[in-house]
Amino acid sequence: MELLHRPRRLRANEKIRSMVRENHVRVDDLIYPMFVIYGENTKNEIPSMPGVYQYSLDLFVEALKEVVDLGIPAILLFGIPETKDAVGTGAYHQHGIVQEAVRVAKKHYPDLYVITDVCLCEYTDHGHCGVIQDGKILNDPTLDLLAQTAVSHAQAGADMVAPSDMMDGRVAAIRQSLDKAGFTDVPVMSYAAKFASGFYGPFREAAGSAPQFGDRRTYQMDPPNGNEAMRETALDIEEGADLIIVKPALAYGDITYRTKERFGLPVVAYNVSGEYSMVKAASAQGWIDEKRIVMEALVSMKRAGADLIISYHALDVARWLQG
């Protein structure tokens with residue numbers, strides 16, 4: 001039988017495979033999440049996230065040098081305060097830990113793009129993302145605090161804010177407050193499709209943000225609901241979101257694909273802590289080829305439609321891409 005079509009011709013060697021490759025992971029695609037804490041000369045490795053640390057501001061500066069030297073264009077900042085209270089005061093204090101970290105980053109590396117996570121969970125003594133009354137997370141009273149947080153980040157010099165709380169209407173509240181304060185050019189990267197996922201466990205250790213009661217299923221989305229994710233995303237875009245985050249990434253490639261196809265805005269896949277930790281644990285046991293697995297996972301996010309990827313693997317990926 002004479003074969004007319006032989007797709008294997010374009011798989012014959014690495015040269016031709018690379019020439020016809022449809023999707024690529026580039027350093028410019030990467031956003032590196034970082035955790036900052038008060039104190040001096042402190043670098044705490046997260047036990048469940050090998051290679052990821054909480055940095056005091058003096059060592060944060062040193063860590064930023066590696067990020068910049070590797071060509072990673074952006075970081076996403078999370079802060080751990082010294083004290084917590086019921087309304088997350090540390091989140092929107094002018095000299096809160098994230099606000100100070102932004103100032104440090106922009107002073108030493110003004111061209112580094114600094115994105116800040118906007119939420120209350122790291123700063124509340126109950127660990128939830130909003131104000132609580134009688135055991136219930138209150139949506140509307142939380143919006144003002146989130147808006148205050150976003151404005152304080154912009155005042156410190158943040159290039160972009162990223163609300164992750166999943167309160168209804170928070171994008172509009174933040175956009176309006178930023179505009180009123182004169183920060184019309186600061187984009188909002190919304191965690192629009194953020195699911196109540198089991199993949200977040202290690203992050204809660206890293207950020208000290210585990211809920212003290214209940215869980216977050218009354219505000220984060222139910223994992224089976226793809227159509228709901230589209231409705232949430234449409235609302236956030238209507239309210240002024242400039243970029244859309246899909247979180248988690250690996251189990252939600254269909255959401256990334258649908259988001260990009262339907263809305264066309266820049267889509268960001270968040271390669272979350274549990275995804276990172278599983279790879280690290282399996283690699284430590286010698287069960288997998290870490291580099292191959294990570295690059296395959298990240299290119300799957302690009303194939304699904306992600307324009308950018310938030311990943312704790314970013315430093316390793318940047319090194320691998322340098323060759």
Side-chain angles (χ1 to χ4, degrees), residues 29-34 73-79 88 91-92 94 96 98-99 101-102 105-106 112-123 129-130 139-195 219-221 228-249 255-256 259-260 262-270 272 305-310:
D29 301 328
L30 302 174
I31 299 170
Y32 185 49
M34 300 185 74
I75 59 171
L76 175 61
L77 277 177
F78 298 91
Y92 42 90
Q94 289 297 321
V98 164
Q99 289 82 350
V102 170
K106 298 308 287 188
L112 180 67
Y113 201 84
V114 178
I115 308 168
T116 56
D117 181 82
V118 175
C119 196
L120 302 182
C121 61
E122 296 111 297
Y123 305 90
C129 302
N139 192 92
D140 295 3
T142 301
L143 299 182
D144 182 57
L145 303 183
L146 295 169
Q148 289 182 50
T149 301
V151 170
S152 72
H153 291 176
Q155 289 170 336
D159 296 293
M160 180 186 290
V161 296
S164 63
D165 54 283
M166 290 301 288
M167 297 296 118
D168 295 337
R170 90 272 203 212
V171 171
I174 288 170
R175 181 73 272 157
Q176 291 166 14
S177 293
L178 287 172
D179 291 352
K180 185 177 180 180
F183 297 105
T184 56
D185 293 332
V186 173
V188 176
M189 180 171 71
S190 173
Y191 290 70
K194 181 177 180 180
F195 291 84
Y219 42 105
Q220 294 178 1
M221 285 192 301
E228 182 184 9
M230 298 303 101
R231 293 195 296 272
E232 283 274 9
T233 299
L235 288 170
D236 281 10
I237 293 171
E238 183 181 333
E239 292 175 17
D242 300 285
L243 301 90
I244 299 298
I245 296 176
V246 176
K247 181 182 181 183
I255 304 301
T256 299
T259 300
K260 188 64 180 180
R262 179 167 174 176
F263 300 106
L265 264 66
V267 177
V268 185
Y270 198 142
V272 300
D307 299 283
L308 301 170
I309 300 171
I310 302 168

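Atom set for the values below is all heavy atoms of this structure, side chains included, hydrogens, waters and symmetry mates excluded.
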Heavy-atom pair with the smallest gap, counting every atom of [X] and [Y]:
{"X": "Ala150", "Y": "Leu178", "answer": "O-CD2, 3.9 Å"}
{"X": "Ala158", "Y": "Val102", "answer": "N-CG1, 3.3 Å"}
{"X": "Ile310", "Y": "Ile245", "answer": "CD1-CD1, 4.0 Å"}
{"X": "Ala241", "Y": "Leu265", "answer": "O-CD2, 3.5 Å"}
{"X": "Phe195", "Y": "Pro248", "answer": "CB-CD, 4.3 Å"}
{"X": "Pro33", "Y": "Phe78", "answer": "CB-CE1, 4.0 Å"}

Between [atom1] of [X] and [atom2] of [Y], what distance do you get to the nearest 0.5 Å?
{"X": "Lys260", "Y": "Thr233", "atom1": "NZ", "atom2": "OG1", "value": "12.5 Å"}
{"X": "Leu76", "Y": "Met34", "atom1": "CG", "atom2": "CE", "value": "11.0 Å"}
{"X": "Asp179", "Y": "Asp185", "atom1": "CG", "atom2": "CG", "value": "9.0 Å"}
{"X": "Met189", "Y": "Ile115", "atom1": "CE", "atom2": "CD1", "value": "4.0 Å"}
{"X": "Leu146", "Y": "Cys129", "atom1": "CG", "atom2": "SG", "value": "9.0 Å"}

Quick one: does [X]'s side chain have a donor or acceptor within less than 3.5 Å of a partner on [Y]'s backbone?
{"X": "Ser152", "Y": "Thr149", "result": "yes"}
{"X": "Asp159", "Y": "Val114", "result": "yes"}
{"X": "Lys247", "Y": "Ala193", "result": "no"}
{"X": "Gln99", "Y": "Gly157", "result": "no"}

4.5 Å side-chain heavy-atom contact, [X] and [Y]:
{"X": "Leu120", "Y": "Asp165", "answer": "no"}
{"X": "Asp307", "Y": "Leu243", "answer": "no"}
{"X": "Asp140", "Y": "Met167", "answer": "no"}
{"X": "Pro163", "Y": "Val188", "answer": "yes"}
{"X": "Phe263", "Y": "Ile244", "answer": "no"}
{"X": "Leu145", "Y": "Tyr92", "answer": "yes"}
{"X": "Val161", "Y": "Arg175", "answer": "no"}

Met221: which of Met166, Arg231, Lys194 passes side-chain contact (heavy atoms from CB on, under 4.5 Å):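 The side-chain contact (heavy atoms from CB on, under 4.5 Å) with Met221 is passed solely by Met166 among Met166, Arg231, Lys194.
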Between Tyr191 and Asp117, is there a side-chain donor-acceptor contact under 3.5 Å, judged purely by atom types and distance?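 Per modelled atom types, Asp117 and Tyr191 side chains form a pair under 3.5 Å.
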Among Asp236, Thr142, Asn139, find the one that has a side-chain hydrogen bond (donor to acceptor under 3.5 Å, both in side chains) with Arg170.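 The residue from Asp236, Thr142, Asn139 that satisfies side-chain hydrogen bond (donor to acceptor under 3.5 Å, both in side chains) with Arg170 turns out to be Asp236.
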Take atom CD of Gln94 as the centre, draw a 6.0 Å sphere, and report whether it contains more than 12 heavy atoms from other residues, nucleotides or ligands.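 Counting neighbours around CD of Gln94, more than 12 heavy atoms of other residues, nucleotides or ligands fall under 6.0 Å, so yes.
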